[in-house]
Amino acid sequence: MQVLSKINKQSSIFTSLVSVFLGLLVGGVMMILAGYNPIQAYIALFQSAFLQPFDIGETIRTITPLILTGLAVGLAFRTGLFNIGVEGQFIIGQLAAVIVALKLDLPPVIHAIVAVIAGALGGALWAFLPGYLKAKRGVHEVITTIMLNFIALYLSNLTVREWLTDGADKTKEIPESASLHWNMLSQLFDSSRVHFGIFIAIVAAFFMYYLLWKTTTGYQLRAVGYNPHASEYAGMNVSRNIVLSMMISGVFAGLAGASELLGTAGYQAIQASYTGIGFDGIAVSLLGGNSPLGIVLSASLFGILTYGGSNMEYVAAVPREVIRVVFAAIIFFVAANIVRWVAQRRKKKVIDKGGEGK
Amino acid sequence: MKLKALGALLLSAALVTVAGCGAAQDSKGGSKGQSAGLVTDVGGLNDESFNQNAWAGLQKAGKEMDFNVKALESKRDDEYIPNLTKFAREKRTITWGMGFKIQNALEKVSNQFKDQHFAIVDTDMGGKIPDNVAAVTFKEEEGSFLMGVIAGSMTKTNKVGFIGGITSPLIKKFESGYRAGVKAANPKAEVKVVYAESFTDSAKGRALASSLYNGGTDIIYHAAGGVGKGLFNEVKTRKQGKYWAIGVDMDQSKLAPDHTLSSMVKRVDVAVYDMMKKVKDDKFPGGEQVQIGLKDNGVGYADTTKEHVPAKVLKKVDDFKQQIIDGKIKVPANENELKKFKP
Amino acid sequence: MNAVEMKGITKRFPGIVANDRVNLTVKQGEIHALLGENGAGKSTLMNILFGLYQPDEGEIFIREKKTEITGPNIAGELGIGMVHQHFMLVDPFTVTENIILGSEPTQNGMIDQRKAEKEVQAISDRYGLKVDPRAKIRDISVGMQQRVEILKTLYRGADILIFDEPTAVLAPKEIDELIVIMENLVKEGKTIIFITHKLKEIMRICDAVTIIRQGKFIGRVDVADTDESRLASMMVGRDVSFTVDKKPAQPKETVLSIRNLRVKNSRGVDAVRGLDMEIKAGEIVGLAGVDGNGQSELIEAITGLKSAHKGEIVLNGKAITNLKPKAITHRGVGHIPEDRHRRGLVLDFSIGENMVLQTFDQKPFAKGWTLQYPQIFKHAKRLIKEFDVRTPDIHTPARALSGGNQQKGIIAREVDRDPDFLIAAQPTRGLDVGAIEGIHRRLIEQRDKGKAILLMSLELEEVWQLADRIAVIYEGKIAGWVDPATTTEEEIGLLMAGGQVGTEVSS
């Protein structure tokens with residue numbers, strides 16, 4: 001856990017910006033090596049994310065779940081927990097939301113609200129399990145959350161096939177009343193699928209900030225994250241805070257799943273593998289320094305790269321896998337804290353020189 | 001520090017592998033204004049299956065009939081809509097959506113771009129096909145029937161197997177046709193059916209194949225996309241001439257040349273090409289379901305079948321094929337029809 | 001001949017100069033003390049001598065020959081050995097296995113255990129170390145483990161030995177034994193550099209002493225020409241009083257009583273075994289004992305951090321046995337923990353945030369669910385001023401403060417809550433003389449205010465100076481009570497080692 005607290009401390013905006021730049025540079029070098037023109041590719045990438053209202057809308061839609069999964073990972077990080085189970089909590093959020101959307105018959109707006117809440121609770125429940133096991137039994141959350149990801153995936157597939165449908169590979173479309181689709185917003189962006197979820201994501205980011213830095217609960221969560229022994233000494237219930245942190249993290253992940261389902265897809269399909277949105281949350285959170293504002297910004301960057309990446313492929317014929325390499329390189333530079341490393345080396349050199357001079 | 005660096009490496013690796021592989025393909029055709037776009041499903045262009053097939057057909061059409069053709073790969077389900085929209089916005093003469101997974105997206109986009117033409121493969125869109133959409137489906141059950149005939153005729157253990165991808169009405173068509181074929185050729189043979197619940201997990205495919213073979217099955221037919229690779233990997237390790245695999249979609253004999261009896265080929269390229277011809281001739285069948293079966297040469301068995309299937313059996317297969325084309329045999333396409341099926 | 005001569009050694013780290021033109025001259029065959037407060041640069045200097053750091057400036061002569069010590073292996077070749085403060089031993093291995101680790105004598109590719117054992121035995125006999133080569137490390141006492149460390153350096157042929165604060169972990173009797181060993185070593189021609197901040201020990205055994213303060217060389221004096229208070233003022237840079245001014249205690253009603261307490265340690269073995277104790281308002285009870293005799297477990301049980309499986313703890317007439325830490329805190333227990341980094345502070349919180357570690361959710365620091373930062377900061381500012389915590393401001397992370405200021409912060413927080421009963425565990429560990437003085441004054445002040453105080457310290461001196469009654473703990477039980485005014489070092493030493501003493505002091 002010391003590693004986590006180190007990451008918490010070291011991330012700075014500067015580190016992140018330099019890492020992004022270096023990441024893009026690595027991507028560019030790869031493109032040159034593979035015989036593509038990186039400048040053309042990057043122009044295509046960034047342009048296409050904002051080319052037309054439709055693209056802007058779609059970019060925002062891509063960003064939405066990344067903010068929420070990023071917050072989920074970031075909150076857990078802050079409390080010294082590594083929630084790799086965001087992917088699974090995301091899936092359970094989707095599942096809970098689609099069940100409420102399909103099985104309950106409620107008036108518009110209320111139906112959507114209930115479905116979103118169900119998704120959040122689903123995610124919370126899925127995160128509660130590893131939190132409880134960690135707090136009471138000392139089982140490492142990385143192990144349990146990874147395992148629960150598999151269970152979530154296949155539970156969702158099973159539920160869709162056996163209960164929500166009659167052996168089909170996806171559910172019916174959810175009714176209008178449960179949808180997060182907001183016509184006015186969608187029209188604003190030329191019928192793109194941007195939906196109400198973006199507001200949920202932004203409110204969640206504000207909530208995380210308020211919770212962690214303005215409330216007694218947040219004080220405890222942070223204290224436990226930094227030093228569980230001192231927290232115990234001070235009379236805080238370390239176990240309870242671990243469970244709570246995982247559950248709030250799960251709420252964010254569940255909201256991501258619910259908003260994706262109710263806003264973007266409109267149905268739950270049988271998935272052969274993970275969507276990766278939950279895992280991307282880890283990258284988003286790391287780049288964003290586990291702070292709410294940082295997470296919103298880094299989710300935006302990753303969203304733009306993801307959505308723009310497909311267009312880069314289309315316009316400049318550069319395989320979009322390059323974009324995944326850029327992602328990976330950025331995270332690599334953040335984690336290795338390249339900025340600090342360079343700064344330290346330079347400082348050392350200066351000192352060495354000073355020493356010789358005398 | 002070490003731990004952190006290791007973590008970073010792992011995370012970087014994970015991010016890259018999530019991406020998979022493949023790339024967009026662009027094939028410049030003519031520039032007379034006629035153009036077509038193709039949006040793959042998550043299988044991608046190099047799936048050695050129907051996306052690849054369709055793209056081959058479209059490229060051929062582009063060359064011969066002077067279409068500007070372009071393809072967009074979808075990596076995730078939520079990319080179908082932006083990809084289709086991109087082509088529609090470019091006012092392409094026709095935009096293809098590959099696979100039943102893309103159905104919802106195509107429905108929405110076609111509704112939004114009413115002046116544009118779309119075509120979709122492998123689904124009848126639940127029977128409600130919009131006027132600007134043509135739905136191309138295959139009678140996979142007919143092709144699968146022939147595979148069943150081969151398997152039923154050649155089994156020595158009277159046990160044959162079937163590996164399905166994700167349980168769905170489409171894959172049930174394969175299963176039903178195959179089982180009917182086995183029944184027609186060899187009523188005593190038993191068909192063991194398993195589903196991988198995946199189209200990509202080849203390791204699972206191998207495990208399933210292994211347990212089927214170990215249970216006494218000697219011939220296995222698959223309709224499971226990438227999962228099927230596992231079947232071929234498994235059969236390769238077993239005694240030649242005793243254990244067999246049957247491929248699907250394309251001629252898959254190259255995966256295990258000495259162990260592949262046959263493949264049920266689905267001529268998506270033919271279907272796409274034929275449709276492009278209709279578009280060229282301004283005969284776009286909007287709102288219609290175009291069904292392609294044995295009669296149209298849309299499905300059939302691979303040319304390499306004769307390598308390991310004796311002429312006698314092949315003749316029997318051709319007999320059945322003729323009966324189906326003539327309408328003497330109605331091949332069941334789902335579980336209910338299969339129950340009623342009497343050879 | 002000079003065994004070691006370091007001239008004008010300067011070593012800089014980002015932001016600080018750890019050693020600033022330091023000189024050290026050690027004559028062959030002497031015991032030379034290196035004296036300085038914590039953070040004065042003693043360890044840096046020794047790490048340079050041991051080859052772990054390279055100096056930025058300066059020269060090193062070993063036996064009058066200029067050398068560059070680029071790594072510990074070079075130091076080893078030059079015959080320099082270090083006896084570390086924290087032992088580097090493998091617990092499940094035997095003494096011999098530990099000693100030969102890294103330079104195993106082999107025969108046909110197999111470790112020649114018997115030869116090694118013989119050699120170890122020979123060295124042990126020669127210097128009077130009395131070590132059993134076949135004993136497992138985990139089965140022998142701390143003093144014996146230290147002797148294994150010494151053996152390790154001797155086995156590798158060291159004749160300049162660096163002892164890094166060797167007495168910190170030892171009981172008085174063991175210290176005596178160590179001194180005999182050191183004298184034996186010198187008699188056999190070895191040279192010893194003795195890192196310490198204990199003046200008494202220097203006076204007792206050293207020949208000369210080098211004092212450094214804040215990285216700077218202050219002076220080299222012969223022990224014969226100096227005394228304790230002169231050394232102290234050289235070390236601290238001002239005059240220091242050694243005696244704690246205090247009036248006789250005026251104990252009142254019993255605040256805390258413990259009966260037949262049993263507590264298991266982390267390995268599930270009883271560490272506190274039927275302990276009884278009473279502490280009255282207005283007195284300081286000192287808890288003396290060798291480390292690992294149940295002190296930590298006792299304190300953790302009182303504060304609710306560990307559960308007792310037998311016995312009773314009563315505070316102000318009410319049982320608090322096995323209550324949650326929070327409940328115990330609220331009932332009036334203050335706790336200056338043994339390990340301030342692990343327990344006492346959230347180092348990544350600001351010093352301001354740390355001032356409300358227990359009270360953050362109470363009025364006026366919180367209103368309902370929300371923290372009231374203005375109130376928290378006001379409170380923190382007041383404490384920092386009152387207790388003279390030196391910090392740039394209240395938003396500085398606790399990590400950035402010096403040990404003494406961190407400790408002052410903790411004491412401020414605990415004392416300000418106005419508890420009836422205050423536990424001070426190792427309150428001055430690792431602090432310099434100046435800071436110790438201030439903390440001692442605070443504790444006496446609290447006693448005079450009528451608080452009951454339990455002072456646990458491994459420094460016998462400290463307990464002696466502060467306590468009104470001393471309880472000596474041995475193997476989880478109070479081995480005996482002594483009166484600091486009348487007791488002798490011998491008496492306490494005997495109790496700490498598990499011996500029996502006839503007299504008992506009634507309170």
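The part of A:Tyr307 that comes within reach of chain B is its side chain, from C-beta onward, which places non-hydrogen atoms under 4.5 angstrom from that chain. With a threshold of 4.5 angstrom between heavy atoms, A:Tyr267 approaches chain B through side-chain atoms but not through N, CA, C or O. Heavy atoms of A:Glu173 lying under 4.5 Å from chain B belong exclusively to its side chain. Interface remark: B:Tyr80 contributes no atoms to any contact with chain A (heavy atom separation under 4.5 Å). When heavy atoms are compared at a cutoff of 4.5 Å, B:Phe87 approaches chain A solely by way of its side chain, counted from C-beta outward.
For B:Lys192, the NZ atom sits in a loose shell: 12 or fewer heavy atoms of surrounding residues, nucleotides or ligands are nearer than 6.0 Å. Heavy-atom neighbours of A:Glu176 CD from other residues, nucleotides or ligands within 6.0 Å: at or below the threshold of 12.
Although no hydrogens or angles enter the test, the distance criterion places a donor-acceptor pair under 3.5 Å between the side chain of A:Arg193 and the main chain of B:Asp78.
Distance CD1/B:Ile81 to OG1/A:Thr264: 9.0 Å, rounded to 0.5 Å. Atom NZ of B:Lys86 sits about 10.5 Å away from atom CD of A:Gln52, to the nearest 0.5 Å. Expressed to the nearest 0.5 Å, how far OG1 of A:Thr306 lies from CD of B:Glu79 amounts to 8.5 Å.
At a heavy-atom cut-off of under 4.5 Å, chain A is reached by no residue from residues 122-130 of chain B.
Considering all non-hydrogen atoms of both residues, A:Ala265 and B:Lys108 come closest at O-NZ, 3.8 Å. Pairing each heavy atom of B:Gln112 with each of A:Asp190, the nearest pair is NE2-O, 3.9 Å. Taking all atoms of both residues into account, the shortest heavy-atom contact from B:Pro82 to A:Glu58 is CG-OE1, 3.5 Å.
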task = Any chance you could lay out the side-chain contact (heavy atoms from CB on, under 4.5 Å) test for A:Tyr314 and B:Lys70, step after step, and finish with the verdict?
result = CA-CA 9 Å; A:Tyr314 187 61; B:Lys70 219 163 185 185; 3.4 Å; yes
ask   = What's the verdict on side-chain contact (heavy atoms from CB on, under 4.5 Å) for B:Thr167 and A:Arg161, showing C-alpha distance, side-chain angles and the deciding distance?
value = CA-CA 8 Å; B:Thr167 314; A:Arg161 186 165 50 242; 3.6 Å; yes
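The existence of a salt bridge linking B:Arg89 and A:Asp55 is confirmed by a sub-4.0 Å separation between a basic side-chain nitrogen and an acidic carboxylate oxygen.
Considering only heavy-atom pairs separated by less than 4.5 Å from chain A, the leading option among B:Asn83, B:Asn104, B:Thr85 is B:Asn104.
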